[in-house]
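See below for the structure under consideration.
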Amino acid sequence: MPADAPAWVTPFTSMVMHGSALHLALTMLVAAALGPPLARALGSAWLVPALYLLGGLVSAVALVAVARDMGIANVGASGAVAALLGAALATLPRASLTFFAIPVLFLAGLAVGAQVVIAVMDLGQPVAGEGGQIAYWVPLAGLVVGFSTARRLSAARR
């Protein structure tokens, strides 16, 4: 599969890719709901986009690591938002989101459960190349990096 952009650009552009209008709306809703509380918990507004970027890049690297022959990196947005969710789990585990008063712990369980259901039922957008469901699991790398980074940042603030 020939690339239209240099390979180094793909992990960044994948962070703004979405499978559908619903995926875009849910991604932006979760990012908007988590952003302000995370900025307050972490002590800096710039850390939220930095975590988003880190989660997207780590998810793209995870995809390349587990599916080397896949011709496209297509999980950046999900991995990026998963990093924000992981950070919220680390810093605000008992908090509720301001939009709908959904507890962060419940939202994290819902997000992971949705990834599992989508992978099992294969209802998500098709994945290029061999390995099928592999792209459904790699956003969890974003969740882990967001959680661990936020824990370290919170510990450093104390």
Side-chain angles (χ1 to χ4, degrees), residues 1 3-68 70-93 95 97-99 102 104-105 107-112 114-115 118-119 124-125 127-129 131 133-158:
M1 176 182 295
D4 293 336
W8 66 269
V9 172
T10 304
F12 295 98
T13 58
S14 75
M15 281 185 259
V16 293
M17 287 177 46
H18 292 82
S20 66
L22 178 61
H23 183 227
L24 172 63
L26 290 173
T27 299
M28 294 301 101
L29 181 65
V30 170
L34 293 176
L38 272 176
R40 285 189 297 275
L42 296 172
S44 177
W46 74 268
L47 288 172
V48 176
L51 278 170
Y52 184 92
L53 182 66
L54 180 64
L57 291 175
V58 166
S59 294
V61 168
L63 178 64
V64 171
V66 297
R68 211 159 178 69
M70 191 174 283
I72 186 169
N74 60 354
V75 296
S78 295
V81 169
L84 297 183
L85 186 54
L89 272 173
T91 58
L92 309 162
L97 297 178
T98 56
F99 290 152
I102 299 171
V104 170
L105 191 58
L107 181 64
L110 189 63
V112 171
Q115 290 295 118
I118 289 169
Q125 94 179 28
V127 177
Q133 295 93 348
I134 204 75
Y136 302 128
W137 299 104
V138 293
L140 298 178
L143 186 91
V144 170
V145 77
F147 183 86
S148 60
T149 301
R151 296 259 334 227
R152 283 191 211 121
L153 290 171
S154 294
R157 273 189 87 207
R158 293 182 197 150

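In this chain, residues are counted from 1 in sequence order. What you see below is based on every heavy atom in this structure, not just the backbone, and it leaves out hydrogens, waters and symmetry mates.
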Give the table of side-chain donor-acceptor pairs shorter than 3.5 Å for residues 138-155, with sequence neighbours excluded, one pair per line with atom names and distance.
residue : atom : partner : partner atom : Å
S148    : OG   : V144    : O            : 3.1
S148    : OG   : V145    : O            : 3.3
T149    : OG1  : V145    : O            : 2.7
S154    : OG   : A150    : O            : 3.0

If I compare all heavy atoms of P36 with all of A33, which pair ends up nearest, and what's the gap? CD-O, 4.2 Å

Among all residues two or more places apart in sequence or in another chain, which pass the side chain to side chain contact (heavy atoms under 4.5 Å, CB included) test with L53? F12, M15, L57

Whether over 12 other heavy atoms sit under 6.0 Å from L47 CG: yes

Those residues that, when tested against A39, pass side chain to side chain contact (heavy atoms under 4.5 Å, CB included) (two or more places apart): A45, V48

Only one of L34, L38, V81 passes side chain to side chain contact (heavy atoms under 4.5 Å, CB included) with Y52; say which it is. V81

Which heavy-atom pair separates A87 from L51 by the least distance, and what is that distance? CB-CD1, 3.6 Å

Between atom CG of L54 and atom CG of L84, what is the distance when rounded to the nearest 0.5 Å? 10.5 Å

For the atom pair CG (L92) and CG (L85), what is the distance rounded to the nearest 0.5 Å? 10.5 Å

